[in-house]
Amino acid sequence: MLDKLGGIALQPDQMQWLLTPTNFKNSLLERIAQARHSIYLAALYLEDDEAGREVLQALMAAKARNPELKVKVLVDFHRARRGLIGHTGDSGNYLMYRRVMSEAEHCIDILGVPVKSREFMGVLHLKGFVIDDAVIYSGASINNVYLQQQGRYRFDRYHLIENAQLAESMRSYIDAHIVADPAVSSLTQCAESEVLPEKTDIRSFKQRLAAGQYRFEAVTQGARITPLVGLGRKHNALNKTVLDLVDEANEQLFICTPYFNPPYPLVRALAKRLRQGIRIDIVVGDKTANDFYIPPEREFSTIGALPYLYEQSLRKFVKRQQWAVDAGLLNVHLWKHEDNSFHLKGISCDGKRHLITGSNLNPRAWALDLENGLLLHDTEGQWRAQFEAEQQHILLHTKRLYHYSQVDTLQSYPKPVKKIMNRIKRLKADFLLRRIL
């Protein structure tokens, strides 16, 4: 099926690998400064911190230099209107947006996208920084740790694609299916006259989003790139492509995910391919490299149990497939580098097809969040060396699991974590948690 999947023709020199958060930040700021006609940024959030303010000021400076410049920033509506987890009071990022726009001569559009009526039910996880005829694609959002502003970093993937047709396709999707929708509102309105979308529009927004797709003139031969978008379990082109990549592998798969909690269809597909002799490498963050991890010296809160839940999901999977580990077919690599965190996503199939995506490849991404991705068809192997170099870069700070017993058990966890996880087990809440985490 993937051979027949159309895409946008792509030349070898139109693709670059940025590899590090520093290169990503520098490229983003450089492209913003050079923008001629449009800047569209889509991310889960643009944080009110040093890096977020630097990017926002770069956007404002670009708009001041060229008032005709079309600038649109898309972030999740609910995420923008609340503070960080554990913070109380009105401290959302939208307060920064409102303050900056109130002082600006030339304003930009910062739009809140309410994919669902509540954040836990689904968020805007659409990714892509589309500037003129270029797309910088990464799973990263915009804040200090994603841009390595103060030493620490959250490791992601970063690709620069110079292709006018791809950029226009992604811009047109945003204009047609998000910006024009009545459920989407400005996050820069002053408090006194703020108008929020109707609840009925927000509730029905998911149906309209689920029907939207990227439009482009497709070719089915040669090197090409296919933009994909998906929301919900049914008729989800992105989810289907993930399963097709697994099903159509002839030799090997290279998979990255930050939170190991794959949906059941993906687990079944992976187990089937292992039985058929396909080599599968999975790179996942160590629990201490999870962005929800709370070190022992800090005060514990309930959210800190998440990395341990993901770790137990990994242990269960490896235990069931221990035979494949012993046979050298399944290779699980745990990433850990000092106190940095891991946020990589994507799949490579036989070194010929590569999905770069913001999807975490888990039940939440599979059913609740609005996700997108770019599938590269490398029919002639023109990018094979670059993808292999990226994989070696990803594996640089990993250790391989040779036995499931290398993964910690519940008995070794801190007391507050054991208490929470025993309660989850007692209430049999695992099924629900798998769907929303």
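This is a predicted model, so every value here is computed, not measured.
Here the OH atom belonging to Tyr97 is positioned 14.5 Å from the CD atom belonging to Gln189, to the nearest 0.5 angstrom. Here Arg99 contributes atom CZ and Leu56 contributes atom CG; the two are 9.5 Å apart, rounded to the nearest 0.5 Å. Expressed to the nearest 0.5 Å, how far CD1 of Ile282 lies from CG of Asn331 amounts to 9.5 Å. Note that CD1 of Ile255 and SG of Cys349 are 9.5 Å apart. Values are rounded to the nearest 0.5 Å.
Residues Ile131 and Leu28 meet the side-chain proximity criterion, which asks for heavy atoms closer than 4.5 Å. Inter-residue side-chain proximity for Val100 and Gln57 is flagged as met; some heavy-atom pair is nearer than 4.5 Å. You'll find the side chain of His337 reaches within 4.5 Å of the side chain of Tyr153, heavy atoms only. Between Lys240 and His235, every side-chain heavy-atom pair lies at or beyond the 4.5 Å cut-off. Contact check for Asp281 versus Gln252: no side-chain heavy atoms found under the 4.5 Å cut-off. Here the side chains of Leu309 and Met421 are in contact, with some heavy-atom distance below 4.5 Å. Looking only at side-chain heavy atoms (C-beta outward), Gln321 and Val332 stay at 4.5 Å or farther from each other. Side chains of Leu187 and Val73 form no contact here, defined as non-hydrogen atoms less than 4.5 Å apart.
Residues satisfying the side-chain contact (heavy atoms from CB on, under 4.5 Å) test with Arg320, not counting sequence neighbours, are Lys316. Residues satisfying the salt bridge (Lys or Arg N to Asp or Glu O under 4.0 Å) criterion with Arg273, sequence neighbours excluded, are absent altogether. Among residues two or more places apart in sequence or in another chain, the salt bridge (Lys or Arg N to Asp or Glu O under 4.0 Å) test is passed with Arg315 by none. Under the side-chain contact (heavy atoms from CB on, under 4.5 Å) criterion, Glu30 pairs with Gln34, not counting sequence neighbours. Listed by chain and residue number, nothing satisfies the salt bridge (Lys or Arg N to Asp or Glu O under 4.0 Å) test with Lys352 (two or more places apart in sequence, or in another chain). For the side-chain contact (heavy atoms from CB on, under 4.5 Å) test, residues two or more places apart in sequence or in another chain that qualify with Thr302 are Ile420. Annotation: salt bridge (Lys or Arg N to Asp or Glu O under 4.0 Å) contacts of Arg208 (sequence neighbours excluded): Asp181.
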Intermediate values then yes/no, side chain to side chain contact (heavy atoms under 4.5 Å, CB included), Gln406 and Val318:
CA-CA 10 Å; Gln406 292 176 257; Val318 177; over 6 Å; no
Go through it in stages, so that I can follow the logic: the residues are Val417 and Phe300, the test is side chain to side chain contact (heavy atoms under 4.5 Å, CB included), and I'd like the CA-CA distance, side-chain angles, deciding distance and then a yes or no.
CA-CA 9 Å; Val417 176; Phe300 184 80; 3.7 Å; yes
Going through the distances and angles, do Trp323 and Arg275 end up as a side chain to side chain contact (heavy atoms under 4.5 Å, CB included)?
CA-CA 10 Å; Trp323 69 269; Arg275 291 193 298 272; 4.0 Å; yes
Intermediate values then yes/no, side chain to side chain contact (heavy atoms under 4.5 Å, CB included), Met60 and Met101:
CA-CA 9 Å; Met60 300 306 297; Met101 292 311 127; 3.3 Å; yes
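Within the 3.5 Å criterion, the main-chain N or O of Val123 finds a donor-acceptor partner in the side chain of Asp369. Between the side chain of Asn93 and the main chain of Asp48, a donor-acceptor pair closer than 3.5 Å is present. Although no hydrogens or angles enter the test, the distance criterion places no donor-acceptor pair under 3.5 Å between the side chain of Lys72 and the main chain of Tyr40. With hydrogens and angles ignored, the 3.5 Å screen pairs a side-chain donor or acceptor of Tyr137 with a backbone N or O of Gly358. For Glu47 (side chain) and Asn144 (main-chain N/O), no donor-acceptor pair under 3.5 Å exists by modelled atom type. Under the 3.5 Å distance criterion, the side-chain polar atoms of Thr257 are left unmatched by any main-chain donor or acceptor of Lys345. Side-chain N or O atoms of Asp49 include none that pairs as donor or acceptor with a backbone N or O of Asn143 at under 3.5 Å. Side-chain atoms of Lys127 come within 3.5 Å of backbone atoms of Gly139 as a donor-acceptor pair (strictly under, hydrogens ignored). The backbone N or O of Leu196 sits nowhere less than 3.5 Å from a side-chain atom of Ser185 that would complete a donor-acceptor pair. A donor-acceptor pair under 3.5 Å is absent between the side-chain atoms of Asp76 and the main chain of Leu44, judged by distance alone.
Side chains of His354 and Asp378: a donor-acceptor N/O pair is absent below 3.5 angstrom, by distance only. Under the 3.5 Å distance criterion, with hydrogens and angles disregarded, no donor-acceptor pair is assigned to the side chains of Tyr293 and Asp286. Thr22 and Thr20 are not linked by any side-chain donor-acceptor pair at a separation below 3.5 angstrom, with hydrogens and angles left out of the test. Using modelled atom types and a 3.5 Å distance limit, the side chains of Gln312 and Tyr413 yield a donor-acceptor pair.
Using a 4.0 Å cut-off between charged side-chain N and carboxylate O, Glu371 and Arg364 make no salt bridge. Here Arg171 does not pair with Asp175 in a salt bridge; the nearest charged N to carboxylate O distance is not below 4.0 Å.
For Glu299, the CD atom counts as loosely surrounded, since its 6.0 Å shell holds 12 or fewer non-hydrogen atoms of other residues, nucleotides or ligands. Around the CD atom of Glu194, the shell of radius 6.0 Å holds more than 12 heavy atoms that belong to other residues, nucleotides or ligands. His403 NE2: more than 12 foreign heavy atoms inside a 6.0 Å radius.
Listed by first then second residue, pairs satisfying salt bridge (Lys or Arg N to Asp or Glu O under 4.0 Å) with a partner in residues 246-258 number zero, not counting sequence neighbours. Screening residues 401-416 for salt bridge (Lys or Arg N to Asp or Glu O under 4.0 Å), with sequence neighbours left out, gives Lys287-Asp408. Residue pairs that meet the salt bridge (Lys or Arg N to Asp or Glu O under 4.0 Å) test with at least one member in residues 149-161, sequence neighbours left out, are Arg152-Asp339, Arg154-Asp291, Arg157-Glu390. The ring pair (Phe, Tyr, Trp, His ring centres under 6.0 Å) pairs that include a residue from residues 169-195 are Tyr173-His177, Tyr173-Tyr214, where partners are two or more places apart or lie in different chains.
Paired with Leu375 under the rule side chain to side chain contact (heavy atoms under 4.5 Å, CB included), one option of Ile225, Leu245, Ile347, Ile356 passes, and it is Leu245. Checked against Tyr158 for a ring-ring contact (aromatic ring centres under 6.0 Å, His included), the options Trp17, Phe24, Tyr146 give a single hit: Phe24.
Between His343 and Tyr259, the ring planes lie perpendicular to each other; the angle is over 60°, past the 30° to 60° tilted range.
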Check: residues 112-121 side-chain donor-acceptor pairs under 3.5 Å, at least two apart:
unit_1, atom_1, unit_2, atom_2, d
Lys116, NZ, Met121, O, 3.0
Lys116, NZ, Leu368, O, 3.1
Glu119, OE1, Arg82, NE, 2.7
Glu119, OE2, Arg82, NE, 3.4
Glu119, OE2, Arg82, NH2, 2.9

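In this structure, His393 has its ring center under 6.0 Å from that of Phe155.
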